[in-house]
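Here is the structure we will look at, set down as C-alpha cells.
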Amino acid sequence: MLSFTNLLTGGAVKTILTGTAVSATMAGALLANPYEPYEGTTLVINVPAHPHYNAMMKVLPAFTEETGIEVEVDQLQYLKMRERQTLELTKDEGDYDMIAYVVFSKADYVYADQLENLAKYFMNPALADPNYDQADLISGYVENIGVAGGQKGYLPGQLGSAFGIPFGSETSVLAYRKDIFEKHGIPVPETYDQLLDAACKIPEVEPGMGGMASRAASGHQASHAFLLHLAPLGGRVFDDNWEPIINNEAGVAAANALKTIVDCGPDGSQTFGPAEAAAAFQQGQAAMFMDSIAFAAGFEDPSKSTVAGKVGYALHPEGVRRGSQTGGFGIAIPKNAQNKEAAFLLMQWLTSKKGDLMVAMAGGNPSRFSTYENAELNEKYPYSATFGEALKYADPDWRPIIPTWGKINADIGTTMSQVLTEGLDPQEALDGVATRARAIMEEAGYYTWQ
C-alpha cells in the first residue's frame with residue numbers, strides 16, 4: 001500500500017515515501033490540490049434574489065463536490081441585501097465571507113475600506129489558478145464593477161486596483177416583438193429617431209399595446225431610465241472637472257426621450273420598476289423592452305411568458321454614439337470576513353472559464369468573452385450572440401460611481417418622476433438637479449483643488 005506525506009519547506013517539495021517507490025514529480029502531481037487545506041470550511045455568502053444568482057445556486061453543489069468547501073447562501077432582495085451589508089461590513093467580525101454587491105455600492109464600500117484588495121490573492125501561487133485568464137474577462141464589466149483608484153477614482157488607471165470581480169454583470173439591449181414589427185413593416189430601431197418613432201407608432205397600429213415598457217418609478221428607477229438614454233445621446237452627469245452638465249442639450253434630449261417612451265408605453269408605465277416593465281413585455285402589453293440582458297431567459301420561458309419564441313434582440317440604438325449601460329453585480333471579499341482565502345477560491349471558481357460557462361448554461365449572465373463565443377451556449381440561448389456584440393459598446397462610465405452618487409441619484413430620480421407625472425419642464429428640472437448636485441459635490445470636497 002502506497003502512502004506519502006507532502007511537506008512544504010521554503011517553497012520546495014519534499015516527498016517521504018513508504019512502500020512502493022514513486023518519483024517526486026509523480027508524488028507532487030498526485031498531491032496537488034489547492035482546496036485541500038480548506039476542506040470542511042463552510043462559507044457564508046450574501047447574494048441578491050436575481051436570475052443570475054438563481055443560476056449560481058444550481059452549480060454550487062459542483063463546487064462543494066470538487067473542493068470539499070460548503071457554501072451557505074443568504075439570498076435577499078437587492079435593496080434589503082444592501083441594507084444588511086451596510087450593517088455587516090461595520091462589524092469587527094462579519095458573518096459573510098463573500099458578498100455580491102450592486103455596482104453603485106462599489107464606491108461606498110471601497111471608500112470606507114470595507115473590501116479586500118484582490119491583488120494579494122492573485123499574487124499567492126497557492127491560491128491563484130494560473131489558467132484563470134484575466135484577459136478573457138469582459139473589460140467593460142471589470143472596469144465598471146471591479147476597479148477603483150484609477151481615473152476619476154472609479155475607473156481603471158495606472159494606480160487602480162481590483163476590489164471585486166464581475167458576476168451577474170449586465171448591459172442593455174433592445175428586445176422587440178418580431179411578429180408585431182413584421183406585421184406592420186416597422187424597421188427594427190437602429191437609431192434613437194427610429195426608436196421613438198416606433199414607440200409611438202405601435203399604440204396606433206396595435207390598439208391596447210404600448211410601444212416600449214420602461215422603468216419610470218420615482219427614485220432610482222426613473223434615474224436609471226433617464227441615464228440609459230443620456231450616454232448614447234451624448235450626455236454625461238459631470239464633465240472632467242466635476243462640473244454638472246446633466247442639464248445641457250443632451251440631458252434635455254434624454255429627458256424628452258424618456259417622457260416620449262413612457263407616454264407611449266403600456267398602462268401604468270409611470271410606476272414601473274424593472275420587474276413590472278419586464279412583466280408588461282412578457283405578457284404582450286408592449287412591443288419593446290430596453291433594459292438588462294438578465295430578463296431574456298424569462299421572455300423565452302413558455303411557462304411564464306406569452307411572447308416566448310416571438311422576441312428578437314438588437315443592439316441598444318445609436319444616438320450621438322453607441323453606449324449601452326453596464327451594471328448589475330460583482331462579488332467581493334469583506335475586510336471583516338473570517339474565511340478570506342477559501343472565499344477567494346470560491347470567487348475564482350465561479351468566475352473561471354469553467355464556472356462562468358456552467359452558470360451561463362444554467363441561465364446566468366456571462367462575465368467572459370469566451371463564454372459568449374461558446375457554441376453550446378449559443379445553441380441553447382441563440383440571443384447570446386447579440387449580447388456578445390452589444391458588449392463592444394458597453395460604457396463603464398455611463399453613470400459616476402462616486403461616494404456622493406446616492407444623494408445625486410435619488411434627486412435625479414424624484415425630479416425625473418415629476419417630469420413624467422406632473423409635467424415639470426425638463427430644462428427646469430435638470431437645471432435644479434445640476435444646482436443641487438454641485439452643492440453636494442462642493443460639500444464633499446470635489447472642488448478643493450480648483
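Not measured: the values here are computed from a predicted model. We number each residue from 1, following the sequence as shown.
E276 places a side-chain N or O within donor-acceptor distance of the main-chain N or O of G273, the cut-off being under 3.5 Å. Checking side-chain atoms of T326 against main-chain N and O of E170 turns up no donor-acceptor pair under 3.5 Å. With hydrogens and angles ignored, the 3.5 Å screen pairs no side-chain donor or acceptor of N339 with any backbone N or O of A342. Put simply, the side chain of S305 never gets that close to the backbone of D301: no donor and acceptor are under 3.5 Å apart. For N378 (side chain) and Y372 (main-chain N/O), a donor-acceptor pair under 3.5 Å exists by modelled atom type. A donor-acceptor pair is defined here as one N or O able to donate and one able to accept, closer than 3.5 Å; no such pair exists between the side chain of T415 and the backbone of I412. K106 contributes a side-chain N or O that, together with a main-chain N or O of V147, makes up a donor-acceptor pair within less than 3.5 Å. Q77 contributes a side-chain N or O that, together with a main-chain N or O of L79, makes up a donor-acceptor pair within less than 3.5 Å. The backbone N or O of V252 sits less than 3.5 Å from a side-chain atom of N256, completing a donor-acceptor pair. In this structure, the side chain of S105 does not engage the main chain of Y101 through any donor-acceptor pair within 3.5 Å.
Counted within 6.0 Å of CD on Q283, heavy atoms from surrounding residues, nucleotides or ligands total more than 12; the atom is thus considered enclosed. Within 6.0 Å of the NZ atom in K80, the count of heavy atoms belonging to other residues, nucleotides or ligands does not exceed 12. No more than 12 heavy atoms of other residues, nucleotides or ligands lie within 6.0 Å of CD in E376, so this atom counts as exposed by the packing criterion. Residue-environment remark: CG (D239) exceeds the threshold of 12 foreign heavy atoms within 6.0 Å. In the displayed structure, E66 atom CD is contacted under 6.0 Å by more than 12 heavy atoms of other residues, nucleotides or ligands. More than 12 heavy atoms of other residues, nucleotides or ligands lie within 6.0 Å of NZ in K380, so this atom counts as buried by the packing criterion. For Y111, the OH atom sits in a loose shell: 12 or fewer heavy atoms of surrounding residues, nucleotides or ligands are nearer than 6.0 Å. Taking a 6.0 Å sphere around NZ of K152, one finds it holds more than 12 heavy atoms contributed by other residues, nucleotides or ligands.
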With side chain to side chain contact (heavy atoms under 4.5 Å, CB included) as the criterion, how do I45 and E72 come out once you've worked through the C-alpha distance, each side chain's angles and the decisive distance to 0.1 Å?
CA-CA 6 Å; I45 68 174; E72 292 184 3; over 6 Å; no
Determine, step by step, whether Y109 and Q85 satisfy the side chain to side chain donor-acceptor pair (under 3.5 Å) criterion, reporting the C-alpha distance in whole Å, the side-chain angles of both residues, the deciding distance to 0.1 Å, and the verdict.
CA-CA 10 Å; Y109 294 168; Q85 290 175 3; 2.7 Å; yes
Show, in sequence, the C-alpha distance, side-chain angles and deciding distance for Y381 and F387, and conclude whether the ring-ring contact (aromatic ring centres under 6.0 Å, His included) test is met.
CA-CA 10 Å; Y381 302 115; F387 296 174; 9.5 Å; no
Test side chain to side chain contact (heavy atoms under 4.5 Å, CB included) on V59 and W349; report intermediate values, then the result.
CA-CA 11 Å; V59 308; W349 189 92; 4.2 Å; yes
Begin with the C-alpha distance, continue with both residues' side-chain angles, and end with the deciding distance and a verdict on side chain to side chain contact (heavy atoms under 4.5 Å, CB included) for E300 and F295.
CA-CA 9 Å; E300 302 300 338; F295 294 99; over 6 Å; no
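In the model, Q338 has no side-chain atom that pairs as donor or acceptor with a side-chain atom of D97 under 3.5 Å. Side-chain contact check for T171 and S324: at least one donor-acceptor pair (N or O, by modelled atom type) lies under 3.5 Å. No side-chain donor from either of R399 and S223 sits under 3.5 Å from a side-chain acceptor of the other. Between the side chains of Q325 and H229, no donor N or O sits under 3.5 Å from an acceptor N or O.
Residues M98 and L43 fail the side-chain proximity criterion, which asks for heavy atoms closer than 4.5 Å. Side chains of M56 and L60 form a contact here, defined as non-hydrogen atoms less than 4.5 Å apart. No side-chain heavy atom of Y141 sits less than 4.5 Å from a side-chain heavy atom of P396. Annotation: side chain of V237 is not in contact with side chain of I245 (no heavy-atom distance under 4.5 Å). Contact of the H50 side chain with the Q75 side chain is not registered, since no non-hydrogen atoms from C-beta on lie closer than 4.5 Å. Put simply, the side chain of P189 reaches to within 4.5 Å of the side chain of M288, judged on heavy atoms. Annotation: side chain of V262 is in contact with side chain of Q270 (closest heavy-atom distance under 4.5 Å). Side-chain contact between Q285 and M209 is absent, with no heavy atoms from C-beta onward closer than 4.5 Å.
Relative orientation of the W242 and Y154 rings is tilted, given thresholds of 30° and 60° on the angle between their planes.
The ring pair (Phe, Tyr, Trp, His ring centres under 6.0 Å) with F289 is formed by just one residue from the set Y313, F299, Y176; it is F299.
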Sequence neighbours left out, cut at 3.5 Å: what donor-acceptor pairs do the side chains of residues 358-369 make with other protein atoms?
from	atom 1	to	atom 2	distance (Å)
N365	ND2	S169	O	3.4
S367	OG	P166	O	3.0
R368	NE	T351	O	2.7
R368	NH1	Y132	O	3.2
R368	NH1	D133	O	2.9
R368	NH1	D136	OD2	3.1
R368	NH2	Y132	O	2.7
R368	NH2	T351	O	3.1

Enumerate donor-acceptor pairs with a distance under 3.5 Å from any side-chain N or O in residues 119-129 to protein atoms, sequence neighbours excluded.
from	atom 1	to	atom 2	distance (Å)
K120	NZ	E116	OE1	3.1
Y121	OH	E116	OE1	2.6
N124	OD1	A126	N	2.9
D129	OD1	N131	N	2.9

Could you go through residues 155-165 and list every donor-acceptor pair under 3.5 Å that involves a side-chain atom there, pairing it with any protein atom two or more places apart or in another chain?
from	atom 1	to	atom 2	distance (Å)
S161	OG	N117	OD1	2.9
S161	OG	N117	ND2	2.9

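For R82 and D108, the salt-bridge test passes: some basic side-chain N is under 4.0 Å from an acidic carboxylate O. A salt bridge does not link E206 to R177: none of the charged side-chain nitrogens sits closer than 4.0 Å to a carboxylate oxygen. Contact check on K259 versus D263 returns a salt bridge, with a Lys/Arg side-chain nitrogen under 4.0 Å from an Asp/Glu carboxylate oxygen. No salt bridge links D395 with R322; every basic N to acidic carboxylate O contact stays at or beyond 4.0 Å. Classification of E88 and R84 as a salt-bridged pair holds, one side-chain N sitting under 4.0 Å from a carboxylate O. At a threshold of 4.0 Å, the pair E318-R321 does not count as salt-bridged, since none of the basic side-chain nitrogens sits closer than that to a carboxylate oxygen.
Here the CG-CD1 distance, from L115 to I333, works out to 9.5 Å after rounding to the nearest 0.5 Å. For the atom pair H184 NE2 and D179 CG, the distance stands at 9.0 Å (nearest 0.5 Å). Taken to the nearest 0.5 Å, the CG atom of D431 stands 6.5 Å off from the OG1 atom of T435. Annotation: the span from N144 atom CG to D397 atom CG amounts to 9.0 Å, rounded to 0.5 Å. Going from atom CG of D291 over to atom CE of M212 covers 8.5 Å, rounded to the nearest 0.5 Å. Interatomic distance, I246 CD1 to R438 CZ, rounded to the nearest 0.5 Å: 15.0 Å.
Between F167 and H52, the distance separating the two ring centers is shorter than 6.0 angstrom.
In this structure, G330 and Y53 approach most closely via the heavy-atom pair O-OH, 3.9 Å.
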